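Notes to accompany the following structure.
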Amino acid sequence: MKKIGFVFAMLILLSGLAACQTNNPQPTTQPTQSIDLAATATRKALDTPFLPATNTPAPTATETPAPTLTPTRDYPLEGYGPTNFPADVNPLTGLKVADPQILNRRPILIKVQNLPRDDRPQSGLSLADIVYEFYTEYGTTRFGALFYGQDAERVMPIRSARYSDVNLIRMYKPIFVFGYAYAPVFQRLVNSEFSSRLVLESGASCPAVCRVDPRGKNFLAANTIELQNLIKARGIDNTRPNLDGMMFNYTLPEGGKPAEQVFVRFSAAIYNRWDYDPASGRYLRFSDTRNDPDGNAAAYAPLTDALTGQQIAADNLVIIQVRHNEVDPRPDVEVLDMSILGSGPAYLFRDGRMFEVKWQRLTESDLLTLVDAQGKPVAFKPGKTWFEVMTVNTTLTQDGAAWRFKFVSDW
């Protein structure tokens with residue numbers, strides 16, 4: 001088993017070399033893993049773009065965030081979904097949109113980085129309908145942000161793809177915007193049935209996908225409004241896909257336990273906390289501000305959106321446990337894959353309550369949904385959802401209304 005403590009191999013590089021199932025058991029207590037400070041040259045190679053990048057400058061423009069979607073006052077008692085969504089209701093949030101025409105297209109999935117900390121705050125995450133946080137390697141995570149019911153004029157920093165992204169592409173049938181990938185991942189993407197929906201930086205991709213240079217960072221950024229023009233110009237199929245599957249209701253599911261705080265620890269370098277805010281009825285995200293090797297020196301700060309100025313918040317916070325598999329036999333690298341297919345343990349946090357449920361995705365074309373112990377659909381709260389994808393071996397401890405999840409390696 002390779003040590004998850006390889007996180008410090010990544011930390012040594014932070015200043016300038018940031019990296020581009022079925023029926024699983026419940027979490028069990030595992031010993032804390034040791035920290036390995038070794039860094040490897042191979043680690044750097046994994047995040048080297050497969051194709052050369054260009055430095056096309058972005059046009060200077062004032063960023064105007066899209067209006068925040070608000071639920072209707074007359075939300076039906078039976079809620080919306082999992083099928084037969086009205087034409088003006090977003091099937092990824094359960095909320096009505098101002099202009100139903102925006103839903104007559106594919107979602108846009110954008111890969112966004114989480115390290116180094118100096119590159120935070122990211123831009124555009126508060127406007128995504130759904131965000132997935134995946135473990136990548138050596139203690140790091142990246143985000144898969146889905147934009148459908150509203151646009152974002154700037155989403156960044158965009159980074160490279162991983163094997164795990166294939167799950168999201170098959171679920172939500174999006175246009176996928178990413179910053180290249182190391183060779184085996186890139187080959188899987190370009191040889192797939194969705195290869196025509198991949199969008200990368202090129203000399204002709206701006207103003208949809210451009211290089212911007214805040215503070216000398218040379219970030220790759222996307223504008224989801226301008227992407228519609230690029231998609232049309234390239235002849236990419238942008239037909240609205242079937243996104244049935246999720247169910248939404250303001251009425252709480254039965255049961256549940258108080259949940260005022262949720263701690264999610266991926267590694268000594270990546271950990272976060274979600275605090276329930278009764279005034280907004282949402283969970284607010286606080287992210288790590290320093291390394292915490294021993295678990296005794298955690299420090300947090302609100303994670304905001306550089307585009308909107310809003311703190312990142314979720315109406316639904318969902319922890320799912322998925323088997324992570326190592327796919328590269330070399331001892332000095334960490335390359336993981338996972339199949340989010342079948343079902344497994346999950347925890348839904350909404351309205352200050354925790355509900356122990358199961359995630360379910362029975363076929364490749366299905367969206368990820370939540371069900372109870374009898375297999376009946378469990379309703380999301382109408383609004384935005386953040387998924388934390390963790391291992392089968394993840395441990396869970398409870399202290400009153402605080403819930404702590406600790407990522408423990410499956411491999």
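Only heavy atoms go into these numbers, but all of them, side chains included; no hydrogens, no water, no symmetry mates. Since this is a predicted model, take the numbers as computed values, not measurements.
Environment of CZ in R105: crowded, with over 12 heavy atoms of neighbouring residues, nucleotides or ligands closer than 6.0 Å. Heavy-atom contacts from other residues, nucleotides or ligands closer than 6.0 Å to CG of N191 number more than 12. No more than 12 heavy atoms of other residues, nucleotides or ligands shown are found within 6.0 angstrom of CD on E254. Remark: D99 CG is packed, more than 12 non-hydrogen atoms of other residues, nucleotides or ligands lying under 6.0 Å away.
Two residues are said to be in side-chain contact when any heavy atoms from C-beta on lie closer than 4.5 Å; F380 and V318 meet this criterion. Counting heavy atoms from C-beta on, the side chains of L367 and K173 come closer than 4.5 Å. Contact check for L284 versus I312: no side-chain heavy atoms found under the 4.5 Å cut-off.
Applying the ring-ring contact (aromatic ring centres under 6.0 Å, His included) test to pairs two or more places apart or on separate chains, none has a residue in residues 102-124. Every pair tested for ring-ring contact (aromatic ring centres under 6.0 Å, His included) that includes a residue from residues 145-166 fails, sequence neighbours excluded, so the list is empty. Annotation: ring-ring contact (aromatic ring centres under 6.0 Å, His included) contacts involving residues 278-321, sequence neighbours excluded, comprise Y271-Y300, Y276-Y283. Listed by first then second residue, pairs satisfying salt bridge (charged side-chain N to carboxylate O under 4.0 Å, His left out) with a partner in residues 365-377 number zero, not counting sequence neighbours.
Using cut-offs of 30° and 60° for the angle between ring planes, the H324 and F407 rings count as perpendicular.
Here the CG atom belonging to L125 is positioned 11.0 Å from the CZ atom belonging to R120, to the nearest 0.5 angstrom. In this structure, CZ in R350 is found 10.0 Å from OG1 in T385, a value given to the nearest 0.5 Å. Atom-to-atom distance recorded for Q122:CD and F219:CZ is 9.0 Å, nearest 0.5 angstrom. Distance check: Q398 CD to K257 NZ gives 5.5 Å after rounding to the nearest 0.5 Å. The structure places CG of L109 at 10.5 Å from CZ of R197, a figure rounded to the nearest 0.5 Å. The structure places OG of S343 at 7.5 Å from CG of L362, a figure rounded to the nearest 0.5 Å.
The pair D351-K381 meets the salt-bridge criterion, since a charged nitrogen lies less than 4.0 angstrom from a carboxylate oxygen. Between R162 and D337 there is no salt bridge, since no side-chain nitrogen of the basic residue lies less than 4.0 Å from a carboxylate oxygen of the acidic one.
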(request) With side-chain contact (heavy atoms from CB on, under 4.5 Å) as the test, would you mind laying out the steps for N167 and R361 before giving the verdict? (result) CA-CA 10 Å; N167 294 281; R361 180 174 172 239; 3.7 Å; yes
(request) Let me see the working for T141 and E133 under side chain to side chain donor-acceptor pair (under 3.5 Å), right down to the final yes or no. (result) CA-CA 6 Å; T141 65; E133 182 167 13; 2.7 Å; yes
(message) The test is ring-ring contact (aromatic ring centres under 6.0 Å, His included); show your working for F248 and Y75 and say whether it passes.
(response) CA-CA 10 Å; F248 299 92; Y75 208 84; 8.2 Å; no
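Checked by atom type and distance alone, the side chain of D315 pairs as donor or acceptor with a backbone atom of K384 at under 3.5 Å. Of the possible polar contacts, none joining the D277 side chain to the G281 backbone as a donor-acceptor pair under 3.5 Å is found. Proximity of a side-chain donor or acceptor of R159 to a complementary backbone N or O of F143 within less than 3.5 Å is not detected. At least one donor-acceptor pair closer than 3.5 Å links the side chain of T289 to the backbone N or O of A299. For the pair S267 (side chain) and G139 (backbone), a donor-acceptor distance under 3.5 Å is present. Checking side-chain atoms of D129 against main-chain N and O of G149 turns up a donor-acceptor pair under 3.5 Å. Remark: side-chain polar atoms of W403 are paired, donor with acceptor, to backbone N or O of P258 under 3.5 angstrom. Checked by atom type and distance alone, the side chain of R117 pairs as donor or acceptor with a backbone atom of A269 at under 3.5 Å. No donor-acceptor pair under 3.5 Å is formed between the side chain of D88 and the backbone N or O of P100. A donor-acceptor pair under 3.5 Å is absent between the side-chain atoms of D165 and the main chain of I169, judged by distance alone.
There is a side-chain donor-acceptor pair under 3.5 Å between T391 and T394. Side-chain polar atoms of T83 and D244 form no donor-acceptor pair below 3.5 angstrom. In the model, E388 has no side-chain atom that pairs as donor or acceptor with a side-chain atom of Y135 under 3.5 Å. For the 3.5 Å distance criterion, the side chains of D275 and Q261 qualify, holding a donor opposite an acceptor. With 3.5 Å as the limit, one finds no donor-acceptor pair spanning the side chains of T369 and Q360. Side-chain atoms of R234 and N229 form no donor-acceptor pair, as typed in the model, at a separation below 3.5 Å. With no hydrogens or angles considered, a side-chain donor-acceptor pair links Q113 and D119 at under 3.5 Å. No hydrogens or angles considered: a donor-acceptor pair under 3.5 Å links the side chains of R285 and S287. With hydrogens and angles left out, the side-chain atoms of N272 and D288 include no donor and acceptor closer than 3.5 Å. W359 and Q321 form no side-chain donor-acceptor contact under 3.5 Å, judged by distance and modelled atom types alone. Side chains of N238 and Q228: a donor on one and an acceptor on the other come within 3.5 Å.
By the ring-ring contact (aromatic ring centres under 6.0 Å, His included) test, F405 is found to be paired with Y347, residues two or more places apart in sequence or in another chain being considered. Judged as a salt bridge (charged side-chain N to carboxylate O under 4.0 Å, His left out), and not counting sequence neighbours, R353 has no contacts.
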